[in-house]
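To find a chain, count down the sequence lines: A is the first, B the second, and so on, and within it residues start at 1.
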Amino acid sequence: MDEKLLKLRHSLSHVMAEAVLKKFPDALLGIGPAIEEGFYYDFLLPRALTPEDLNEIEQEMRRIVKGNIKFVRKELSRAEARKAFKNQKFKLELIDELPEGETISTYTSDTFTDLCKGPHVESTKEIPANAFKLLEASGAYWRGDEKNPQLQRIYGTAFSSKNELDEYLKRLEEIKERDHRKLGKDLELFHLSDEIGAGLVLWMPKGAAVRMALEEYWKSAHFKAGYQVVYSPHIAKLDLWKTSHHWEFYRENMYSPMEIEGQDYELKPMNCPFHLQMYKMRKRSYRELPLRWAELGTVYRFERSGVLHGLMRVRGFTQDDAHIIVTPEQLESELVNILNLNLEILRTCGFSEYDIYLSTMPDHHVGTYENWEKATSALKSVLEKTNLPYKIDPGEGVFYGPKIDIKIKDTLGRAWQCTTIQVDFNLPEAFHITYVGEDGQEHQPIMLHRALMGSLERFFGVLIEHYKGAFPVWMAPVQARLIPVTDKQTEYCRRVVAELRDMGIRAELDDAPERMQKKIMTAQHEKVPYQLVVGEREAGQEQVAVRLRTNEDLGPMPLADFKRMIRRIIDERSASLK
RNA sequence: GCCCGAGUAGCUCAGUGGAAGAUCGCCUGCUUGGUAAGCAGGAAGUCGCGGGUCCGAUCCCCGCCUCGGGCUCCA
């Protein structure tokens, strides 16, 4: 965000606070910063805000802005500041936490003075009165800590011109239209049923078709990259999770154990301990490494009810997981392999822009500082060698090791965390896994955890929003829909469907007692890539008239030509339709 | 989990302290139509669940559930 916009938004948050104080003179003030998409301010108020309140506050803000109010900065001593904000306990807390020697300043505009280091606009003259809007009120804990009192946060947004505001509001509308929950319902991709339980996904046939296409591609890409696929059960003895340290470090996300014949079993939140048991089935040689075991493993994690969100945040999900056992010498080159496979898979699925983060050692962790250091520098060096720009996320690693997280950017530029690549010295240690080296001695290998799509549920949610439901042909739930012009062509259409299905193409006949135009509209709404219209002319000449969901009409073509075209588009996993 | 808001037909959504509505979809009949909605008829609702107030509650009150927007956390 540029400096000008930042000043504008931050100044508006002060104007908003003034308006709120006029309405609620006893309001206690939290903080009120400018943010990525606007600004907010937190207040402790005597009652809950209503939408009408927001309206009134916004009107009052417009009145204030039009008054050409000056923003005046003043520096003061800690004692003066404490005195000035003696009735504002949250501000006092902030003052007391300012480090010794820090300049303390306030900004006064009109009747409102706030503890603030600035900067601000010179005067509200610089704020266009028609380019800001209050968006919503919600709850927010003081300082983001749920042990603290909950304040009411008012969000607003502001721009340098009405045009930009309108564009932003239009973008919000666009986001709403792409919402995977809405599209998932309209297109019958998935279903979340109260009676099944929150955060537990039912994949409807059309969503399942997309998933199968993804899984098929995923398997072939992994096969080429030297992976082997494995399967493991959904529950395991609680002791396994104690050995792995998950019970100690990850318990808050795990479900309560269930007792089976006097033994405690636990629903799996991760796949790794299973793969380690497979490794330990027998003695392993360095000649077998790197050992790459992949599993579409379904895990269950407890998530607080308030964080669940469609497919993006659920309680049961399938990771495209893999665990790779390497010797220390193989670590870096294997990380490069993973990154390459990852970028290839993401690109094929339509994503070519990313935000990459390197997450370092968290406070609560296992393992030696030395190992953490080694692992972190390996990740760093690989990112640098592959020329991928990244940011450091300090303290955000997993308890057993540092990680690279990749957020993919969709068509609207929104970032979604999917890929995670983690280095782990802990589990090999905890499970005492070894390999016999060239020297005949036992050594401890390093384990890599990685999920590229992340979870199929979230990845699917991102895909739905990215493509707005109009999936590339290779993923599309229905790839071709046969539309007879009259009933007389139904038999021919049935035969074409059978022939296409023989080729593995998801083709369907629309034999509803409706007119062709209606069937085209239905296919358009369902975003079916190819609508094959068949009238007397086509049926008589072994042809189909090909209409694309882009509304483009390719006209009649020999059925054999269409088959060749769709075969090629699918095999190339092309984003195009012809 | 917490704060705020919402829950009416399969979907989207009107509505009312006194007989529950529309559109699309679904079913039936007619229509056989050449690139985005043919005509007619019909079925469909425990008005989220439980309790309370009231002669009477889908509507008012209380509790719960689910969903949405946030806070916090994550694939």
Side-chain angles (χ1 to χ4, degrees), chain A residues 40 42 44-45 47-51 53-54 135-155 176 179 181-182 185-186 188 191-195 197-199 250 252-253 269-270 297 299 301-315 317-321 396 398 403 405-407 416-420 422 449-459 461-462 483-490 512-525 531-538 545-549 551-556:
Chain A
Y40 68 79
D42 291 342
L44 189 61
L45 301 174
R47 65 166 173 83
L49 289 165
T50 64
D53 291 331
L54 284 198
L135 297 173
E136 64 207 357
S138 64
Y141 298 104
W142 170 238
R143 321 203 87 174
D145 186 336
E146 65 189 31
K147 289 184 208 81
N148 288 337
Q150 192 161 36
L151 312 180
Q152 296 190 64
R153 173 170 298 177
I154 305 178
Y155 281 97
K176 225 191 245 171
D179 192 313
R181 294 164 300 182
K182 173 181 149 60
K185 200 179 273 182
D186 291 350
E188 288 195 9
H191 180 48
L192 295 165
S193 159
D194 292 0
E195 297 182 40
Y250 202 67
E252 57 175 25
N253 285 292
M270 306 224 177
V299 297
R301 299 183 182 172
F302 170 72
E303 299 283 359
R304 306 211 287 177
S305 57
V307 307
L308 299 173
H309 179 87
L311 293 179
M312 302 302 195
R313 194 72 182 276
V314 293
R315 285 179 173 160
F317 57 98
T318 300
Q319 294 181 304
D320 67 319
D321 208 359
E396 292 302 312
V398 206
K403 59 174 180 171
D405 283 335
I406 299 183
K407 297 188 180 184
W416 303 94
Q417 159 138 30
C418 291
T419 305
T420 181
Q422 308 169 350
H449 308 241
R450 40 114 290 190
L452 305 184
M453 298 175 181
S455 88
L456 294 182
E457 283 74 8
R458 178 177 291 178
F459 196 70
V462 175
I483 300 178
V485 175
T486 77
D487 288 353
K488 291 194 191 75
Q489 289 82 47
T490 304
E514 289 292 348
R515 302 184 59 197
M516 175 204 64
Q517 286 85 341
K518 175 70 172 290
K519 294 181 184 186
I520 288 172
M521 189 185 72
T522 306
Q524 280 299 118
H525 286 157
Q531 299 148 22
L532 307 181
V533 178
V534 174
E536 208 171 345
R537 293 196 296 274
E538 290 80 12
V546 182
R547 184 189 193 285
L548 306 181
R549 68 176 167 212
N551 280 333
E552 187 178 351
D553 188 357
L554 301 187

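- Looking only at distances, a side-chain donor or acceptor of A/Gln152 sits under 3.5 Å from a matching main-chain atom of A/Arg47.
- Comparing the same atom, P, in B/C62 and in B/G69 gives a spacing of 25 Å after rounding to whole Å.
- For A/Phe317, the ring-ring contact (aromatic ring centres under 6.0 Å, His included) criterion is met by no residue, not counting sequence neighbours.
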Sequence-aligned protein contact record of nucleotides 22-35 of chain B, with B where the base is within under 4.0 Å of a protein heavy atom and S where only the sugar-phosphate is: ---S------BBBB

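- B/U58 and B/C47: their P atoms are spaced 6 Å apart (whole Å).
- For A/Arg515, there are no salt bridge (charged side-chain N to carboxylate O under 4.0 Å, His left out) partners, not counting sequence neighbours.
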Could you list the donor-acceptor pairs under 3.5 angstrom formed between side-chain atoms of residues 144-151 of chain A and any protein atom two or more places apart in sequence or on another chain?
| unit_1 | atom_1 | unit_2 | atom_2 | d |
| --- | --- | --- | --- | --- |
| A/Asp145 | OD1 | A/Lys147 | N | 2.9 |
| A/Glu146 | OE1 | A/Arg304 | NH1 | 3.4 |
| A/Glu146 | OE1 | A/Arg304 | NH2 | 2.7 |
| A/Glu146 | OE2 | A/Arg304 | NH1 | 3.4 |
| A/Asn148 | ND2 | A/Trp142 | O | 2.8 |

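- Atom name C1', nucleotides B/C24 and B/C13: the rounded distance is 11 Å, in whole Å.
- Atom name C1', nucleotides B/G18 and B/A57: the rounded distance is 10 Å, in whole Å.
- For A/Tyr141, there are no side-chain hydrogen bond (donor to acceptor under 3.5 Å, both in side chains) partners at least two apart in sequence or on another chain.
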Nucleotide-resolved protein contact map, nucleotides 67-75 of chain B, B/S/- at heavy-atom distance under 4.0 Å: SSBBBBBBB

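- By the salt bridge (charged side-chain N to carboxylate O under 4.0 Å, His left out) test, A/Glu188 pairs with no residue at all, sequence neighbours left out.
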Below 3.5 Å is the cut-off: list the nitrogen or oxygen pairs between protein and nucleotides 11-13 of chain B, distance only.
| unit_1 | atom_1 | unit_2 | atom_2 | d |
| --- | --- | --- | --- | --- |
| B/U12 | OP1 | A/Lys185 | NZ | 3.3 |

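- For A/Glu538, there are no side-chain hydrogen bond (donor to acceptor under 3.5 Å, both in side chains) partners, not counting sequence neighbours.
- Side-chain contact check for A/Gln422 and A/Thr420: at least one donor-acceptor pair (N or O, by modelled atom type) lies under 3.5 Å.
- The closest donor-acceptor contact from the side chain of A/Arg458 to the backbone of A/Gln417 lies under 3.5 Å.
- In RNA chain B, runs of at least 3 stacked Watson-Crick or G-U pairs (N1-N3 plus N6-O4 or O6-N4, or N1-O2 plus O6-N3, all under 3.5 Å) give these stems: B:1-7 with B:65-71, B:26-30 with B:38-42, B:48-52 with B:60-64.
- Applying the salt bridge (charged side-chain N to carboxylate O under 4.0 Å, His left out) test to A/Glu457 and every residue at least two apart in sequence or in another chain returns A/Arg211.
- Within 4.0 Å of A/Ala48, counting heavy atoms only, lie sugar-phosphate atoms of the nucleic acid but no base atom.
- The salt bridge (charged side-chain N to carboxylate O under 4.0 Å, His left out) test applied to A/Asp553 returns no partner, not counting sequence neighbours.
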